[in-house]
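Below is one structure, written out as C-alpha cells; comments come after it.
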Amino acid sequence: MKDVDVKDLFADHEPLLGQKLSVSGWIRTVRNSKNVGFIELNDGTYFGNLQVVLPGELPGRDEIGALPISTGVTIEGELVASPKEGQPFELRAEVVRVEAPSSSEFPLQKKRHTFEYLRTIAHLRPRGNTFSAVFRLRSLLAFAIHEFFRERGFVYVHTPILTASDCEGSGELFRVSTLDMENLPRDEAGAVDYAQNLLGKDAYLTVSGQLEVETYCMAFKRVYTFGPTFRAENSNTSRHACEFWMIEPEIAFAGLPEDMQLAEDMLKSIVGYVREHASAELDFFNRFIDKGLLQRLDTLLDASFECVTYTDAVAILEKADRKFEFPVAWGKDLQSEHERYLTEEYFKSPVFVVDYPKEIKAFYMRMNDDERTVSAMDLLVPGVGEIIGGSAREERLDVLQQRIDETGMDMSDYWWYLDLRKYGGVRHAGFGMGFERALMYVTGMDNIRDVIPFPRTPQHVEF
RNA sequence: UCCCCAGUAGCUCAGUUGGUUAGAGCAUCUGACUGUUAAUCAGAGGGUCGUUGGUUCGAGUCCAACCUGGGGAGCCA
C-alpha cells in the first residue's frame with residue numbers, strides 16, 4: 001500500500017489510477033446519504049481537497065459519515081477517475097481509520113466566517129481555505145525572495161534582533177531588560193542603572209537591520225537581511241504591526257539607478273515565482289478575495305516602472321483636478337491619498353518617486369548636489385501604495401557627520417557606522433521592503449493581521 | 001493618539017415610532033434521502049440583547065460613561 005500526499009495526486013494522478021493508496025489527513029466536510037457518502041479530505045500538502053467516496057457497502061459507514069470536521073484519519077482505497085464533474089479523480093475508500101477524533105464543537109464551520117472572528121481563533125484558522133492559502137503563500141514568497149538573491153550572488157546576513165541603537169532615530173522601540181521592574185537599580189545620581197541589565201546597557205528590539213547589513217556590504221559587495229523587526233508605535237491600522245518581517249538588500253559600487261533596478265527586478269521575480277508555483281491559491285484569491293488580483297499581478301510583470309522626482313510629483317499633484325484632504329506643498333511628505341493618486345490614477349503603473357527633501361528623510365541618505373534633496377526612492381504600486389523605500393547611502397564621512405549633527409543624534413553611538421566611511425567606504429545603496437506588505441500585494445488580503453500567523457499589534461499578544 | 005461605525009443564539013445577521021412570550025439562515029441534535037460538491041428535505045433544542053448607570057408606566061430600541069471589534073487618518077514597512 002502506497003502512502004501518498006494529496007499534492008502529488010493533483011500534480012499527476014494518471015499513473016496512480018487503479019492503484020491501492022493510503023492517504024492521511026483531516027476531514028474538511030462529510031456528506032452522507034442512504035447509498036453513498038463523501039469526505040472532503042485535506043492533508044495540508046495542497047490547497048485543494050481530495051474527494052473520498054464512501055461506498056454503500058463500506059463497513060461502519062454510518063459512523064464514518066457522522067465524523068466531525070477536523071477528525072484526523074488515514075484512508076485506504078483505490079484511486080479511480082471520478083464519474084462526476086467537480087474533480088478529475090477520487091479515492092474509493094475501503095478502510096477509514098480514525099487517528100484522532102474531533103468534536104462537533106470545532107469552531108470552523110462549512111460556511112463563511114468573518115476574518116475578525118477567525119482572528120480570535122488564530123490557532124485554528126490555518127485549517128480553513130483562506131488562511132491555508134495565505135500561509136502557504138507566505139512560505140512560498142519567503143523562498144522566492146531568498147531564491148532571487150541567491151541567484152544573483154547575494155550573501156544572506158543575519159543582523160541582530162537585540163540592539164543598543166535606534167537605527168534611524170525614528171520610531172518607538174521595545175525595551176529589552178532583565179532588570180527587576182518592581183525594584184529598579186539606581187546609580188548615584190538616582191537614574192536607572194542600565195549597566196546592571198544583562199546586556200550591560202539599555203537594549204532594544206531592532207527596528208531595522210540596515211546599518212548592520214551595510215557593514216557586511218563593505219565586505220561582500222551584495223548582501224541582504226531578511227528577518228523580524230519591531231516597532232512600538234501605537235499604530236492602529238490594517239497596515240501596521242508591532243512585529244513584522246523586512247527584506248533589506250544592500251549593494252556596493254552602486255547608486256540609486258542600480259538600486260531601483262534591483263527593486264524592480266526583485267518585485268517582478270517574486271511575483272513571477274508565486275504566479276508560477278501557487279496557481280491554486282492565486283485562483284482562490286482572485287475568485288473570493290480580490291477579483292482583480294491576477295490582472296494586477298500580470299500587469300506588474302509586464303509594466304516598465306515609471307520614475308518621477310519628488311519635485312515633479314508635487315507639481316503633478318498641485319495641478320491635479322482633484323481635491324485632496326491634505327494640501328500638497330514642497331517639503332511636506334506625500335500623504336497616502338497623494339501616493340494613491342500618483343500610482344493609481346496619474347501613472348496607472350508602479351512608479352518610483354525619487355530625490356526627496358532631506359528634511360523628511362533619514363540621516364544616512366546620500367545628499368544630492370542641490371544640497372536640498374537626498375538620493376532616496378519610494379516605490380508606489382497600485383492597490384497598496386508604498387511597498388519599498390530605499391536610498392543611496394551617504395559614503396562621504398564629513399557629509400555624514402554633518403547630517404548626524406544636524407539631526408541631533410549622538411555621534412558616539414555610531415562610531416562603527418562612521419568607521420565604514422574611513423576604510424574603503426565605497427558608494428552603496430539599498431532598500432527595505434515590508435514582507436507582509438508584499439504578501440498583501442500578492443494575495444489581495446487587506447489586513448496585515450490576516451497575513452501574519454500570530455499578529456502582534458497594540459494591546460494584542462494572544463497565543 | 002485622533003475621527004467615524006458597530007456590538008442581539010456557537011457563527012452571520014434582521015428586529016419598524018420605545019409597547020404582549022426577541023426572529024431568520026448556517027452550525028448542533030433527531031429522522032429522511034439514488035453520486036454529493038458550502039448536498040438536500042422535515043422536526044427539535046439553543047438568548048442576562050457588550051457592561052454599568054440613567055430617562056420612562058414600559059428599553060434590544062432613547063441618553064451617558066466604560067469595554068471590545070472594525071474602518072479611516074497620522075506615523076511608517
Side-chain angles (χ1 to χ4, degrees), chain A residues 28-40 48-56 62 65-66 68-69 80 82-87 90 92 103-121 128-129 167-168 170-172 206-210 226-248 288 324-326 332-340 360-362 378-381 384-390 431-441 446-452 457-460 462:
Chain A
R28 278 288 177 84
T29 79
V30 181
R31 294 179 289 273
N32 202 19
S33 63
K34 193 176 181 185
N35 297 323
V36 68
F38 301 91
I39 292 176
E40 296 280 334
N49 300 323
L50 171 66
Q51 171 155 287
V52 176
V53 183
L54 309 173
D62 285 350
I69 296 174
V80 297
S82 180
K84 294 283 177 179
E85 297 292 316
Q87 59 283 317
E90 58 194 24
R92 214 177 156 73
S103 142
S104 64
E105 317 263 293
F106 183 69
L108 288 172
Q109 304 166 6
K110 352 182 227 186
K111 60 169 278 194
R112 252 189 82 82
H113 288 290
T114 58
F115 293 151
E116 292 79 23
Y117 170 66
L118 291 169
R119 273 173 222 151
T120 68
I121 49 168
N129 280 337
C167 164
E168 310 190 12
S170 66
E172 295 293 314
T206 182
V207 295
S208 163
Q210 184 200 310
F226 180 14
T229 47
F230 306 86
R231 302 281 164 90
E233 298 282 355
N234 188 14
S235 293
N236 293 286
T237 82
S238 56
R239 299 189 136 62
H240 294 84
C242 295
E243 177 180 326
F244 62 100
W245 282 54
M246 204 155 47
I247 299 105
E248 294 173 290
F288 295 108
F324 293 112
E325 192 183 340
F326 293 90
K332 285 188 176 175
D333 215 346
L334 300 179
Q335 304 291 317
S336 303
E337 56 174 346
H338 304 145
E339 295 182 341
R340 255 182 275 123
I360 58 174
K361 287 292 179 183
D378 281 355
L379 177 60
L380 312 178
V381 293
V384 167
E386 184 189 335
I387 194 168
I388 286 174
F431 64 80
M433 178 176 78
F435 180 56
E436 284 79 10
R437 297 264 173 99
L439 187 55
M440 289 163 76
Y441 186 75
D446 56 19
N447 196 312
I448 197 168
R449 286 171 272 239
D450 296 326
V451 298
I452 300 176
T457 53
Q459 303 301 313
H460 291 277
E462 188 64 63

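Within every chain, numbering begins at 1; the chains are lettered A, B, ... in the order of the sequence lines, protein sequences first and strands thereafter.
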Out of B:G35, B:U1, B:A77, which nucleotide sits closest to the side chain of A:P83? B:G35
Does B:G35 have A:F38 stacked on its base, where the ring centres are within less than 5.5 Å and the planes differ by under 30°? no
Indicate, yes or no, whether a donor-acceptor pair under 3.5 Å links the base of B:C75 to the side chain of A:S235. yes
Considering only B:G35, B:U1, B:A27, which nucleotide approaches the side chain of A:K110 most closely? B:A27
Give A:E105 one of three labels, base, sugar-phosphate or nothing, depending on what nucleic acid heavy atoms sit under 4.0 Å from its own. nothing
Which of these nucleotides, B:C26, B:U36, B:C76, is closest to any side-chain atom of A:Q51? B:U36
Give the nucleotide from the list B:G71, B:G35, B:U28 with an atom nearest to the side chain of A:S104. B:U28
Would you say the side chain of A:R239 and the base of B:G74 hold a donor-acceptor pair, judged only by whether the two atoms sit under 3.5 Å apart? no
Please state whether the rings of A:H338 and A:F324 are parallel, tilted or perpendicular, taking 30° and 60° as the class boundaries. perpendicular
Counting heavy atoms from C-beta on, name the nucleotide in B:G35, B:U12, B:G71 closest to the side chain of A:Y117. B:U12
So A:N35, base contact, sugar-phosphate only, or nothing? Heavy-atom distance under 4.0 Å. sugar-phosphate
Name the nucleic acid region contacted by A:T29, choosing base, sugar-phosphate or nothing; use a 4.0 angstrom heavy-atom cut-off, strictly under. sugar-phosphate
Counting distance alone, no hydrogens or angles: does the base of B:U68 have a donor or acceptor under 3.5 Å from a partner atom on the side chain of A:E116? no
Compare side-chain N and O positions of A:K34 against OP1 and OP2 of B:C33 and report whether any pair is under 4.0 Å apart. yes
Touch check for A:I387, heavy atoms < 4.0 angstrom, all strands: base, sugar-phosphate only, or nothing? sugar-phosphate
Pairing residues for A:V53 by the side-chain contact (heavy atoms from CB on, under 4.5 Å) criterion, not counting sequence neighbours: A:V36, A:F38, A:E90, A:R92
Regarding the side chain of A:T114, the nearest nucleotide among B:G71, B:U12, B:A38 is B:U12
At 4.0 Å (heavy atoms only), tell me whether A:S33 reaches a base, stays on the sugar-phosphate, or touches nothing. base
Map every base of RNA chain B to its dot-bracket character, where paired means a Watson-Crick or G-U wobble contact with both distances under 3.5 Å and | marks a partner outside the strand. (((((((..((((.....[...)))).(((((.......))))).....(((((..]....))))))))))))....
Compare side-chain N and O positions of A:S336 against OP1 and OP2 of B:G74 and report whether any pair is under 4.0 Å apart. yes
A:H240 near the nucleic acid: base, sugar-phosphate alone, or nothing, with a heavy-atom cut-off under 4.0 Å? base
